[in-house]
Amino acid sequence: MTKLPLTFYTRPDVVQIARELIGKYLFTRIDGVLTGGMIVETEAYCGENDLACHSHSGRRTARTEIMFHEGGVAYTYLIYGIYNLFNIITNVADKADAVLIRAIEPTEGIPEMLLRRKLDSPGYKLTSGPGLVTMALGITTKHYGTNLTGNLIWLEDKQQNIPDEQIIASPRVGVAYAGADALLPWRFRVKGSKWTSKAK
DNA sequence: CCACGGATTAACT
DNA sequence: GTTAATCCGTGGC
């Protein structure tokens with residue numbers, strides 16, 4: 001296995017990184033159980049001049065503090081009082097760029113994921129949405145700031161080659177409040193994959 | 001201290 | 001396709 005190194009995360013172009021993360025693998029070993037799969041959907045959020053980003057233009061609060069850390073750590077937070085969302089911080093310190101993981105194709109630890117999701121059989125409902133991925137992988141707000149080059153949550157490059165024409169770029173989900181920035185084509189998906197989220 | 005709203009989801013019709 | 005659940009945590013005061 002090839003764990004993605006710190007240098008993968010500290011590069012400056014978060015949109016490029018979000019695109020490259022398609023086809024990479026996300027794993028967690030939480031409570032000693034390995035779970036994970038191939039990333040099939042991401043979104044990029046840029047600290048500078050992106051109104052959809054929690055940390056836009058230096059908006060530094062207790063919640064967003066970790067976004068200003070150097071790339072390679074986890075930004076987790078609670079949405080709608082119910083769901084945990086998992087982001088990867090990128091770029092050098094103080095840039096506050098992040099990639100939201102929206103969907104994976106499960107490959108490891110499927111029985112454990114079924115338990116966590118309270119499902120009977122594997123299918124797209126297992127991990128096809130940002131709140132579902134975290135539930136299946138056991139990621140919660142407790143993992144805020146987790147180092148992604150460690151052995152709790154990490155990413156691997158398994159040399160899966162997803163050609164450019166298999167990747168769809170489109171506007172991000174749920175960020176209508178961001179005005180013109182809502183139109184940026186910063187959501188990436190694997191074309192034809194049944195494992196992506198169903199959001200428009 | 002406390003009013004407010006959200007990088008969503010599932011269960012409806 | 002439409003809508004309610006669901007509430008904690010955030011952040012402004």
Side-chain angles (χ1 to χ4, degrees), chain A residues 9 14-19 21-22 26 39-69 71 73-91 95-104 106 113-146 148 153 155 168-190 193-200:
Chain A
Y9 303 106
V14 66
V15 177
Q16 171 76 15
I17 293 173
R19 176 184 282 264
L21 281 172
I22 300 291
L26 172 64
I39 296 168
V40 295
E41 182 171 341
T42 64
E43 282 179 3
Y45 289 84
C46 180
E48 273 175 20
N49 299 321
D50 172 12
L51 289 177
C53 186
H54 292 158
S55 59
H56 72 85
S57 23
R59 196 178 167 78
R60 196 165 190 151
T61 66
R63 180 177 67 154
T64 62
E65 182 62 30
I66 197 67
M67 302 182 77
F68 294 85
H69 191 278
V73 296
Y75 167 44
T76 55
Y77 70 95
L78 192 67
I79 187 76
Y80 296 107
I82 317 172
Y83 301 107
N84 296 288
L85 268 57
F86 170 72
N87 298 255
I88 294 167
I89 300 307
T90 69
N91 213 329
K95 293 294 186 184
D97 289 350
V99 177
L100 170 69
I101 302 300
R102 291 191 53 88
I104 69 171
M113 290 196 261
L114 287 171
L115 284 178
R116 288 173 178 159
R117 292 277 297 110
K118 296 180 167 46
L119 294 174
D120 294 328
S121 55
Y124 72 91
K125 288 182 179 171
L126 196 51
T127 52
S128 56
L132 306 183
V133 169
T134 55
M135 205 181 302
L137 296 185
I139 297 173
T140 71
T141 51
K142 282 187 297 194
H143 305 289
Y144 184 89
T146 298
L148 299 177
I153 306 174
L155 287 87
I168 302 170
S170 62
R172 294 169 293 180
V173 176
V175 295
Y177 58 82
D181 290 335
L183 303 175
L184 294 167
W186 286 1
R187 175 192 187 192
F188 299 102
R189 279 176 287 169
V190 177
S193 171
K194 69 173 181 178
W195 300 103
T196 57
S197 74
K198 292 166 301 304
K200 278 189 299 225

Reading 5' to 3' and counting Watson-Crick or G-U wobble pairs with both distances under 3.5 Å, write the dot-bracket notation for DNA chain C, | for bases paired outside the strand. |||||.||||||.

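For the side-chain hydrogen bond (donor to acceptor under 3.5 Å, both in side chains) test, residues two or more places apart in sequence or in another chain that qualify with T61(A) are T64(A). In this structure A103(A) satisfies the side-chain contact (heavy atoms from CB on, under 4.5 Å) test together with V40(A), E41(A), sequence neighbours excluded. Taking A44(A) as the reference, V14(A), V15(A), A18(A), W186(A) meet the side-chain contact (heavy atoms from CB on, under 4.5 Å) condition, with sequence neighbours excluded. Take L115(A) and apply the side-chain contact (heavy atoms from CB on, under 4.5 Å) test, not counting sequence neighbours, and it matches E112(A). For P130(A), the side-chain contact (heavy atoms from CB on, under 4.5 Å) test picks out L85(A), L100(A), R102(A), with sequence neighbours left out. Judged as a side-chain hydrogen bond (donor to acceptor under 3.5 Å, both in side chains), and not counting sequence neighbours, the contacts of Y75(A) are H54(A). Partners of N87(A) by side-chain hydrogen bond (donor to acceptor under 3.5 Å, both in side chains), not counting sequence neighbours: none found.
Using modelled atom types, one side-chain atom of T127(A) and one backbone atom of I104(A) make a donor-acceptor pair closer than 3.5 Å. Of the possible donor and acceptor atoms, one in the side chain of E43(A) sits under 3.5 Å from a partner among the backbone N and O of V173(A).
In dA5(C) the O4'-C1'-N dihedral to the base is more than 90° from 0, which defines an anti nucleotide.
No side-chain heavy atom of T140(A) sits less than 4.5 Å from a side-chain heavy atom of L78(A). Side chains of S170(A) and R189(A) form a contact here, defined as non-hydrogen atoms less than 4.5 Å apart.
Mapping M135(A) and G174(A) onto DNA chain B via the closest heavy atom, the residue that lands nearer the 5' end is G174(A).
Listed by first then second residue, pairs satisfying salt bridge (Lys or Arg N to Asp or Glu O under 4.0 Å) with a partner in residues 168-180 of chain A read D50(A)-R172(A), not counting sequence neighbours.
A nucleotide of DNA chain B counts as in contact with chain A when one of its atoms lies under 4.0 Å from a heavy atom; the first and last such, 5' to 3', are dG6(B) to dA10(B).
Taking a 4.0 Å limit (strictly below) on heavy-atom distances, residues 74-83 of chain A reaches DNA chain C at L78(A), Y80(A), G81(A), I82(A).
Among the protein residues, A52(A) comes within range of the nucleic acid bases, having at least one heavy atom under 4.0 Å from a base atom. R117(A) comes within contact range of the sugar-phosphate backbone alone, with a heavy-atom separation under 4.0 Å but no base atom that close.
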Can you name the atoms? Protein N/O to nucleotides 11-13 of chain C N/O, anything below 3.5 Å, with the distance.
unit_1: dG11(C); atom_1: OP1; unit_2: T61(A); atom_2: OG1; d: 3.1
unit_1: dG11(C); atom_1: OP2; unit_2: T61(A); atom_2: OG1; d: 2.7
unit_1: dG12(C); atom_1: OP1; unit_2: R59(A); atom_2: NH2; d: 3.3

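A side-chain donor-acceptor contact under 3.5 Å links R187(A) and S197(A).
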